[in-house]
2 protein chains.
Amino acid sequence: MKGKISAERKKEIIEGFYYLSKENGLENTSIAKIGKHLGIPPSLVMHYFPTKDILISNLISYILDQYLKIYEPVIKELETKNHADPKTFVDSLFSREWNLLFDDGVFYSCYALIFRNDVIKKEYRKLHDRLREFLKEILDRDESLKNQDTQLLAEQIFVVVEGAYYYLSMIDNEDTYNKKVENFKEQVYDLLRKKEEQHL
Amino acid sequence: MKGKISAERKKEIIEGFYYLSKENGLENTSIAKIGKHLGIPPSLVMHYFPTKDILISNLISYILDQYLKIYEPVIKELETKNHADPKTFVDSLFSREWNLLFDDGVFYSCYALIFRNDVIKKEYRKLHDRLREFLKEILDRDESLKNQDTQLLAEQIFVVVEGAYYYLSMIDNEDTYNKKVENFKEQVYDLLRKKEEQHL
DNA sequence: TCATATATTGAACACTCATTCAATATTATA
DNA sequence: TATAATATTGAATGAGTGTTCAATATATGA
């Protein structure tokens, strides 16, 4: 049990960082504030994360891990049953739990950093590559999509999903929100249907 | 000529703010730095923009105006010729000039603010509502799309465009970038075609 | 030309920032 | 138990933050 306390503290600090960023914004969250929130001096924060840049890049790893966790249930389903319904998966992409587990504000703040930080850019790219490959696997195991360009299809689906969340984040009214979700979902279904038709 | 100097200084300050945000990031651009960049004391900056919040919200107005300006040529074409080719418009959405005129880093940094500032959220929403309505007009005047739900179609197209830029921003390799642009463009063309078919 | 409004300056404010460091407490290892 | 490694503390640093204010320069309108 050498690095156990260390690992726990690190996790605690990153989660505190995430919590405060969610509450007050990434740019308004300082090392001192994280320390205060956890009841420890700022110097202890810096003992585990020597610079703020390192702290931020760890926050991003944490966020991208969280992002991936949302897909975990379906990944397991795919591994055990060796099959997953694309439509069910698409539904889960647009499900509400999403927003409960995940804060889009922090996510977009971190995303904005890719434009001035190549390491962060790479990490974001890696995550999305993985997600796309995963959806491709689901599509590959679907009979109705045999001999289709599932790579392209996966890309097309995710473009709609990301664009959808971009737009949905601006909507306050619940009815409008729900209606738009249905439209976007239908748009993805259309993509799946179109490919099926090509197959026939 | 009452508020002329005032208007010019304000413009100068906002453009300096934008320039520095592009260079070093929105969160790293202070009032002092803007002043230094323009050769004026920070107090003069605050004379025209009493608080930093006001300064930021003016930067956002500026950015959204810039965003809109990209569409100006097509808007004029529509007004004079009373018609515009949807495909040409889609092409312009994916054109390179875009990225030259506009910095996505600053745009996304500002976008991230909508999650904690309702006024900014409203401004962003207003911009996108306007753009969608404008595309709808173009589609409405296209014969091949008669009796179609052009509002929905416009929404579907913009979702692809926004999602596309989200993904494209992560790509460094030029060939990969171009290939993906072509795919996304094709995806939008498909949307237009699909609706045409429904019409026949 | 004189009074008034606007533009501009420079110094100062309290506060927060990330970071450093030496000292101490706690834990793990031998 | 003694030693070494790790965890934690608290105080201090200088630089930067947004903001205030009184003083001065410049332009505008009567």
Side-chain angles (χ1 to χ4, degrees), chain A residues 1-60 62 106 109-110 112-113 116-117 119-120, chain B residues 1-60 62 106 109-110 112-113 116-117 119-120:
Chain A
M1 292 183 205
K2 241 176 79 181
K4 204 195 164 188
I5 295 178
S6 169
E8 269 177 17
R9 260 279 131 90
K10 281 185 177 181
K11 197 186 161 209
E12 197 187 0
I13 290 167
I14 294 298
E15 282 175 350
F17 191 9
Y18 176 69
Y19 173 80
L20 292 175
S21 299
K22 209 160 112 174
E23 218 74 5
N24 316 312
L26 180 71
E27 70 279 12
N28 298 316
T29 304
S30 67
I31 289 168
K33 281 177 186 168
I34 297 169
K36 200 177 184 181
H37 175 244
L38 298 173
I40 57 174
S43 49
L44 188 56
V45 175
M46 301 220 63
H47 176 248
Y48 290 104
F49 303 97
T51 68
K52 206 189 178 183
D53 277 350
I54 294 173
L55 188 62
I56 289 176
S57 85
N58 274 76
L59 175 70
I60 286 170
Y62 171 78
V106 185
S109 289
C110 291
L113 299 177
R116 275 166 303 111
N117 186 321
V119 180
I120 295 175
Chain B
M1 290 180 205
K2 241 177 79 183
K4 204 193 165 190
I5 295 177
S6 170
E8 268 176 20
R9 260 280 131 89
K10 280 185 178 181
K11 198 186 160 208
E12 198 187 357
I13 290 167
I14 294 298
E15 282 174 352
F17 190 9
Y18 177 69
Y19 172 81
L20 292 174
S21 298
K22 208 159 113 175
E23 218 74 5
N24 316 312
L26 180 71
E27 69 280 13
N28 299 314
T29 304
S30 66
I31 290 168
K33 284 176 184 169
I34 297 169
K36 201 177 185 180
H37 176 244
L38 298 174
I40 56 172
S43 49
L44 187 55
V45 175
M46 301 221 62
H47 176 246
Y48 291 104
F49 302 97
T51 68
K52 205 188 180 186
D53 277 349
I54 293 173
L55 189 61
I56 289 177
S57 85
N58 274 77
L59 175 70
I60 287 170
Y62 172 78
V106 185
S109 289
C110 291
L113 298 177
R116 274 166 305 112
N117 186 320
V119 180
I120 296 176

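Numbered from 1 within each chain, the chains take letters A, B, ... in sequence-line order. Everything numeric in this text was worked out from a predicted model, so none of it was measured.
- More than 12 heavy atoms of other shown residues, nucleotides or ligands fall within 6.0 angstrom of atom OH in A/Y62.
- At whole-Å resolution of the value, NZ in A/K4 and P in C/dT29 are 13 Å apart.
- Taking every heavy atom of both residues into account, A/I13 and A/I34 meet most closely at O-CG2, 4.0 Å.
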(request) Determine which bases of DNA chain C form Watson-Crick or G-U wobble pairs with both distances under 3.5 Å, and write the result as a 5' to 3' dot-bracket string with | for other-strand partners. (result) ||.|||||||||.|||||||||||||||||
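- Considering only side-chain N and O atoms, B/Y48 lies nowhere under 4.0 angstrom from the phosphate OP1 or OP2 of C/dT6.
- The minimum heavy-atom distance between B/L59 and B/S21, with the atom names listed, is CD2-OG, 4.4 Å.
- Judged purely by atom type and a 3.5 angstrom limit, A/N117 has no side-chain atom pairing as donor or acceptor with the backbone of A/L113.
- Remark: P of D/dA7 and CD1 of A/I13 are 11 Å apart, rounded to the nearest angstrom.
- One atom, CG of B/L38, and another, C1' of C/dA7, lie 15 Å apart when rounded to the nearest Å.
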(request) Spell out protein contact along nucleotides 9-25 of chain D as letters: B when the base is contacted, S when just the sugar-phosphate is, - when no protein heavy atom is under 4.0 Å; keep the 5' to 3' order. (result) BB------SSBBB----
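- The distance between atom CD1 of A/I56 and atom C1' of C/dC17, rounded to the nearest whole Å, is 13 Å.
- Going from atom NZ of A/K36 over to atom C1' of C/dA18 covers 17 Å, rounded to whole Å.
- Put simply, NZ on A/K10 is 12 Å from P on D/dT6, counting in whole angstrom units.
- For the pair A/E27 and B/R116, the salt-bridge criterion is met [side-chain N within less than 4.0 Å of a carboxylate O].
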(request) Evaluate the criterion salt bridge (charged side-chain N to carboxylate O under 4.0 Å, His left out) for residue pair B/R9 and B/E12; output intermediate values, then yes/no. (result) CA-CA 5 Å; B/R9 260 280 131 89; B/E12 198 187 357; 2.8 Å; yes
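- Straight-line distance from the CD1 atom of A/I34 to the C1' atom of C/dT16: 14 Å, rounded to whole Å.
- Here the SG-CD1 distance, from B/C110 to B/I56, works out to 8.0 Å after rounding to the nearest 0.5 Å.
- In this structure, A/I5 places its CD1 atom 11 Å from C1' of D/dT8, rounding to the nearest Å.
- Enclosure of atom OH in B/Y19 is not indicated, since only 12 or fewer non-hydrogen atoms of other residues, nucleotides or ligands lie within 6.0 angstrom.
- Checked options A/F17, A/F49, A/Y48; the residue passing with A/N58 is A/F49 (criterion: side chain to side chain contact (heavy atoms under 4.5 Å, CB included)).
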